S.K.: 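Sharing a structure below in structure tokens format, with a few things to ask.
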Amino acid sequence: MADDFSFSIEEHIGVVSQGKGGWQVELNLVSWSGREAKYDIRSWSPDHQKMGKGITMTKEELQTLGQIIGSL
């Protein structure tokens with residue numbers, strides 16, 4: 001099953017921060033294993049071949065998160 005893992009960055013939305021070695025925390029629209037693309041926040045290597053842990057959410061979840069952040 002691990003061989004079925006794939007991803008495609010459908011849209012690069014923005015960079016949240018940049019770390020050592022060129023890794024960046026990014027907000028992207030990503031399709032995981034051929035599924036419908038979702039919003040994704042995680043760290044990526046400069047060539048986007050390696051990634052760190054992150055969070056994936058629907059548009060509605062991202063909008064709710066934006067409202068929560070906006071209320072801080």
Side-chain angles (χ1 to χ4, degrees):
M1 288 253 172
D3 294 335
D4 295 341
F5 175 76
S6 64
F7 66 91
S8 172
I9 298 175
E10 303 293 321
E11 181 182 350
H12 173 74
I13 299 169
V15 175
V16 176
S17 66
Q18 186 156 350
K20 296 178 182 177
W23 282 64
Q24 298 184 132
V25 175
E26 301 178 3
L27 173 60
N28 295 310
L29 197 56
V30 181
S31 171
W32 297 99
S33 298
R35 294 188 197 107
E36 181 180 346
K38 292 187 178 182
Y39 293 90
D40 185 86
I41 302 171
R42 75 180 60 245
S43 57
W44 291 91
S45 65
D47 62 3
H48 289 93
Q49 295 302 307
K50 296 180 182 177
M51 67 200 80
K53 292 182 180 178
I55 182 169
T56 300
M57 60 193 93
T58 65
K59 182 176 182 178
E60 293 77 20
E61 291 168 332
L62 183 64
Q63 289 172 332
T64 300
L65 178 61
Q67 291 171 354
I68 293 168
I69 291 169
S71 70
L72 296 178

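One is the number of the first residue; the rest follow in order along the sequence. Predicted model, so just to flag it, every value in this text is computed and none were measured.
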S.K.: Are the side chains of Trp44 and Met51 in touch, meaning some heavy atoms are under 4.5 Å apart?
M.R.: yes
S.K.: Please state whether the rings of His48 and His12 are parallel, tilted or perpendicular, taking 30° and 60° as the class boundaries.
M.R.: perpendicular
S.K.: Other than Ile69, which residues form its hydrophobic cluster under the rule that side-chain heavy atoms must be closer than 4.5 Å?
M.R.: Ile13, Val16, Val25, Leu27, Leu29, Tyr39, Ile41, Ile55, Met57, Leu62, Leu65
S.K.: Have Gln49 and Asp47 got a donor and an acceptor in their side chains that come within less than 3.5 Å?
M.R.: no
S.K.: List the atom of Ser6, the atom of Gly34, and the distance in Å for their closest heavy-atom pair.
M.R.: OG-N, 4.1 Å
S.K.: Which atom names give the shortest non-hydrogen contact between Ser8 and Glu10, and what distance separates them?
M.R.: OG-OE2, 2.8 Å
S.K.: May I ask you to test the Asp40-Phe7 pair for a side-chain heavy-atom distance under 4.5 Å?
M.R.: no
S.K.: Give every residue pair that meets the salt bridge (Lys or Arg N to Asp or Glu O under 4.0 Å) criterion with at least one member in residues 49-60, sequence neighbours excluded.
M.R.: none
S.K.: Using every non-hydrogen atom in the two residues, find where Ile68 and Ser71 come nearest and quote the distance to one decimal.
M.R.: O-OG, 2.7 Å
S.K.: For Gly52 and Trp23, which heavy atoms make the closest approach, and how far apart are they?
M.R.: N-CZ3, 3.8 Å
S.K.: State, yes or no, whether a side-chain contact exists between Thr56 and Arg42 at a heavy-atom distance under 4.5 Å.
M.R.: yes
